[in-house]
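Every heavy atom of this structure was used, including side-chain atoms; hydrogens, water molecules and symmetry mates were not. By convention in this document, chain letters (A, B, ...) are assigned in the order of the sequence lines, proteins followed by strands, and residues within each chain are numbered from 1.
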Protein chains: 2
Amino acid sequence: MARKQRPENGAVVDDAAADVSIGDVAARADVSVATVSRVLNGHANVRPATRERVLAAIAASGYRVNELARNLRTAESRLLLTMVPDFGNPFYAEIVRGIDSVARQHDYFTLLCDTGADPGRERNYFDLLRRRRADGAICLDPATAQRAFAEESGALPWISCCEFDPEIGVPYVGIDNRRAAGDAVRHLIARGRRRVALINSDTTYLYARQREQGYLDALVEAGIAPNARLQAEVGGLEYDAGARAACALMQSSEPPDAIFAVSDTLAIGVIAGLRACGKRVPDDVAIVGFDDISLAAQIDPPLTTVAQPMRELGETAARLLLTRLANAGKAVPGVLLPHRLVVRRSA
Amino acid sequence: MARKQRPENGAVVDDAAADVSIGDVAARADVSVATVSRVLNGHANVRPATRERVLAAIAASGYRVNELARNLRTAESRLLLTMVPDFGNPFYAEIVRGIDSVARQHDYFTLLCDTGADPGRERNYFDLLRRRRADGAICLDPATAQRAFAEESGALPWISCCEFDPEIGVPYVGIDNRRAAGDAVRHLIARGRRRVALINSDTTYLYARQREQGYLDALVEAGIAPNARLQAEVGGLEYDAGARAACALMQSSEPPDAIFAVSDTLAIGVIAGLRACGKRVPDDVAIVGFDDISLAAQIDPPLTTVAQPMRELGETAARLLLTRLANAGKAVPGVLLPHRLVVRRSA
DNA sequence: ATGAAAGCGCTAACAT
DNA sequence: ATGTTAGCGCTTTCAT
C-alpha cells in the first residue's frame with residue numbers, strides 16, 4: 001500500500017518508494033523496463049532524451065533499486081566476509097578499517113564476524129559463502145583453524161590476513177613475524193639486557209610460534225642460552241592476561257630484566273602488572289610490544305614496539321580477494337609487508 | 001559446470017554444491033521443489049519417510065540454500081545496519097558486540113558502517129534500507145545528523161542508541177547523561193576540588209551538551225561559579241586530543257585542580273598530557289572519565305569513571321529494532337539504562 | 001501429505 | 001536505440 005512521505009511538506013514524493021518497482025518507473029517514463037535498467041546501470045545505448053525522461057520518472061517516484069532482486073539476478077551478494085578473532089582489539093580494528101575502505105571503493109560491503117577464534121563458529125561463517133550470503137572472505141583466525149578450512153573449503157574464494165601458513169595454499173598477506181620478533185629482542189639485548197622474557201599468546205596461532213622463533217634466534221645470536229622459565233604463554237591478548245603473566249614472572253628467583261610481549265595489549269597489561277608489584281619500567285624491566293596500536297604512544301612510559309602496517313595489511317587483503325573474485329581461475333600471490341621497530345621509552 | 005570437492009579424498013560429495021539447486025535435490029529425492037522447501041524450512045506437513053529422503057538427497061548433493069533467492073522471495077535481507085561514528089573506539093566496539101550477539105540469536109547479521117560522523121556518508125548508509133540491502137538500522141551518530149534523517153526517513157525502521165533526542169520520535173536506548181556527568185563532578189567536588197575543568201567533545205553530539213549540563217549542575221549545586229576558561233571543547237575522542245587539551249588547560253594562569261573528560265579515551269589522553277607537563281595525577285590534578293572501557297583499569301593511575309552498560313545498550317538497541325521489525329505498526333518505547341560511578345585512583 | 005505453478009524485481013540475451 | 005522475454009532459485013498459495 002502506498003503512503004505519502006512527509007505529507008505535510010511541500011517536497012513530497014508522490015509514491016512510497018517502498019512500493020515502486022522498475023516496472024512502475026518504466027510505465028511512468030513510457031519506456032520498457034530494459035531501458036530503465038540500462039540507465040540504472042549506466043549503459044551507453046540510451047538516447048539522452050530518453051535517459052532524462054527515465055531519470056525524471058525515478059526522481060518523481062522516489063524509486064530505489066531493490067538490491068535483493070539485483071543480487072539474485074547477478075548472482076552476487078556484494079558482501080565480503082571478514083572473520084576476526086576479536087574485533088574489540090584495536091589491532092584488528094585498524095585492519096578491518098583497511099579492508100572496509102577498499103571494499104567500499106569497489107561497491108562491496110563488509111560482513112564483520114567476531115569468531116572468538118572458535119573453530120565451530122568459524123566453520124559456520126564459512127558456510128555463508130556456500131549459501132551465497134557473501135562473495136568472498138578474509139580470515140584472520142588461527143592458522144590451525146585455517147588449515148581445517150583449507151581442506152574442506154579450498155575452492156572457496158578466501159584470503160588469509162596477518163595469520164597465514166604459506167603451505168595451505170591460500171593467498172595471504174602478512175609480515176615476517178620471525179624476523180620482526182628477532183628485531184625486537186635484538187634491541188633489548190643491544191640495550192644491555194640479558195635476562196629477556198617472552199610473553200606469548202595462544203600458540204595455535206602460527207604468528208605466536210614464529211615470534212617465539214625470532215625471540216630464540218636473537219638470544220642464540222647473542223650467545224644467551226634460552227631459559228624455559230623465562231617464557232610464558234597466556235591464553236589471549238587481554239590487558240590483564242599480560243598483567244598477571246608479568247607478576248608471575250617477577251616472583252621467580254631470577255626475574256627477567258626485560259620482557260618481549262607478542263602484542264601491545266599484552267605489553268600494556270605487563271606495564272600495569274609491573275607497576276602493581278612495584279617495578280619500574282624501563283629501569284628494572286624493559287618492555288617491547290608488538291603492533292604499534294595508537295594507544296602505545298599514550299601510556300606511561302610510551303611503549304617501544306614493532307609497528308605493523310595494519311591499514312595496508314587490511315587494504316592488501318581486500319585487494320587480493322577482489323582480484324581473486326574478478327579472475328576466478330588465476331592464482332593470487334602471497335605478499336609480505338615491511339615492519340618497523342619504533343623505539344620509545346619503555347625499552 | 002560441476003566439479004568434485006577434494007577429489008583425492010574418500011568423503012567426496014558428488015556434485016559441486018555451487019551448482020546444486022533446490023530442483024536438483026527435488027529430482028534426486030523424487031519429490032517436488034515445494035516439498036524440499038518444506039523440509040528446508042521445518043514445516044510440519046511432511047511425512048517422516050519423505051523428510052528422510054529429502055534430507056538424504058541434500059546431504060548427498062552437498063546442497064546449500066541460495067539465500068539470494070530466498071531473500072528476494074521473502075523480501076528481507078536479514079541484515080541489520082549499524083552506524084557508528086568510529087568503531088575503533090573501544091566504547092563503540094563493545095556496543096557493537098551487544099548488537100551483534102542478539103542479532104545473531106535471531107538469525108540476522110550485522111552490517112557495520114563506520115560513518116566517521118560524516119552526515120554525507122550517513123545519508124548514503126540510510127539509503128541501504130530503501131534499497132532493501134538491510135531490514136533495519138541502529139544509529140549511534142550525532143543527534144544533529146539523526147534529526148536530519150528523522151525528517152526524511154521517519155517511516156524507516158531504525159533506532160537510536162546512546163546518542164538520542166527523545167524529541168525526534170525515534171525509539172532509543174541510552175543513559176541519563178546529564179545526571180551521570182553530574183555524579184562525576186560531584187565526586188570531584190566531594191574530594192575537595194574547586195577548580196574543576198571540563199574537556200568536552202564535539203557538541204553536535206547531544207550527549208556532549210547533556211554532560212556539560214550535568215557538569216554545570218554540580219558546580220552550581222556546590223556554589224561554585226562556572227568559569228568559561230575551564231571548559232575546553234575538542235573535535236573528537238582520540239587520545240591525543242585529550243593530551244593536547246590538558247596541556248593547554250595547564251598553561252592558564254589559574255589551572256584546574258581536577259578535570260572531567262566526557263570519555264575515557266579523552267581522559268587517558270589527558271593523563272598522558274599531564275604527565276608530559278610534569279603534573280601528578282591525582283595529587284596535582286584529579287581526573288574522572290566516562291564509559292569505563294576495559295583499558296580504564298589498566299592505566300596509571302587507574303581511571304575513576306562513569307560506567308555505561310555498553311553491552312546491554314547494544315543488546316537493547318537490537319531487541320528494540322527487532323520488535324519494531326516484527327510488529328511494523330506498534331510503537332516502541334524509549335529506554336534509559338542505569339550508569340554507575342567507578343572510583344579508582346585517578347580521583 | 002504432496003504437487004503445480006505463480007511470482008518476488010531485476011538483468012541480459014535476443015529481437016527489431 | 002529500444003522492446004520482449006526468459007529466467008535467477010526460492011517460497012507459497014491453491015489444488016488434489
[options]: which one has an atom nearest the side-chain heavy atoms of [X]?
X       : options                : result
A:Ser21 : C:dC10, D:dC10, C:dT11 : C:dC10
B:Ala69 : C:dT11, D:dG9, D:dT4   : D:dG9
A:Leu72 : D:dT2, D:dC10, D:dG9   : D:dG9
B:Arg47 : C:dT2, D:dG3, D:dG9    : C:dT2
A:Arg73 : C:dC8, D:dA6, C:dT2    : D:dA6
A:Thr50 : D:dT2, C:dA6, C:dC10   : D:dT2
B:Ser37 : C:dT11, D:dT2, D:dT12  : D:dT12
B:Asn41 : C:dT2, D:dT11, D:dG3   : D:dT11
A:Val31 : C:dG3, D:dG3, C:dG9    : D:dG3

Over all strands shown, is [X] touching base, sugar-phosphate only, or nothing at heavy-atom distances under 4.0 angstrom?
X       : result
A:Asn66 : sugar-phosphate
A:Asn71 : nothing
B:Ala34 : base

If I take atom [atom1] in residue [X] and atom [atom2] in nucleotide [N], what distance separates them, rounded to the nearest angstrom?
X        : N      : atom1 : atom2 : result
B:Arg38  : D:dT12 : CZ    : C1'   : 9 Å
A:Glu67  : C:dT11 : CD    : P     : 10 Å
B:Leu40  : D:dC10 : CG    : P     : 8 Å
A:Leu68  : C:dT11 : CG    : C1'   : 15 Å
B:Arg64  : D:dC10 : CZ    : P     : 13 Å
B:Asn45  : C:dG3  : CG    : P     : 13 Å
A:Arg130 : D:dG9  : CZ    : C1'   : 19 Å
B:His43  : D:dC10 : NE2   : P     : 15 Å

Taking atom types as modelled, find out whether B:Ser77 and B:Asp135 have a side-chain donor-acceptor pair closer than 3.5 angstrom.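 B:Ser77 vs B:Asp135: donor-acceptor pair found between side chains.
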
Considering non-hydrogen atoms only, spot the tightest contact between A:Glu315 and A:Gly98 and give its length.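 Taking every non-hydrogen atom into account, CG-O, 3.5 Å.
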
I'd like to know if A:Arg132 reaches the base of D:dG9 with its side chain, counting only an N/O donor and acceptor under 3.5 Å.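 Answer is no: no donor-acceptor pair is held.
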
Any chance CG of B:Asp118 has more than 12 other-residue heavy atoms, nucleotides or ligands included, within less than 6.0 Å?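 Yes, because the 6.0 Å sphere around CG of B:Asp118 holds more than 12 heavy atoms from other groups.
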
Within 6.0 angstrom of A:Asp30 CG, more than 12 heavy atoms from elsewhere: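 Counting other residues, nucleotides and ligands, CG of A:Asp30 stays at 12 neighbours or fewer.
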
B:Thr323 (side chain) donor-acceptor with B:Arg319 (main chain) under 3.5 angstrom: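 Yes, because the side chain of B:Thr323 sits within donor-acceptor range (under 3.5 Å) of the backbone of B:Arg319.
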
Ring geometry between B:Phe126 and B:Trp158 (parallel below 30°, tilted from 30 to 60°, perpendicular above 60°):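 Geometry flag for B:Phe126 against B:Trp158: perpendicular rings.
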
Examine C:dT11: is either OP1 or OP2 under 4.0 Å from a nitrogen or oxygen in the side chain of A:Thr74? Give yes or no.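 No, A:Thr74 has no side-chain N/O under 4.0 Å of OP1/OP2 on C:dT11.
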
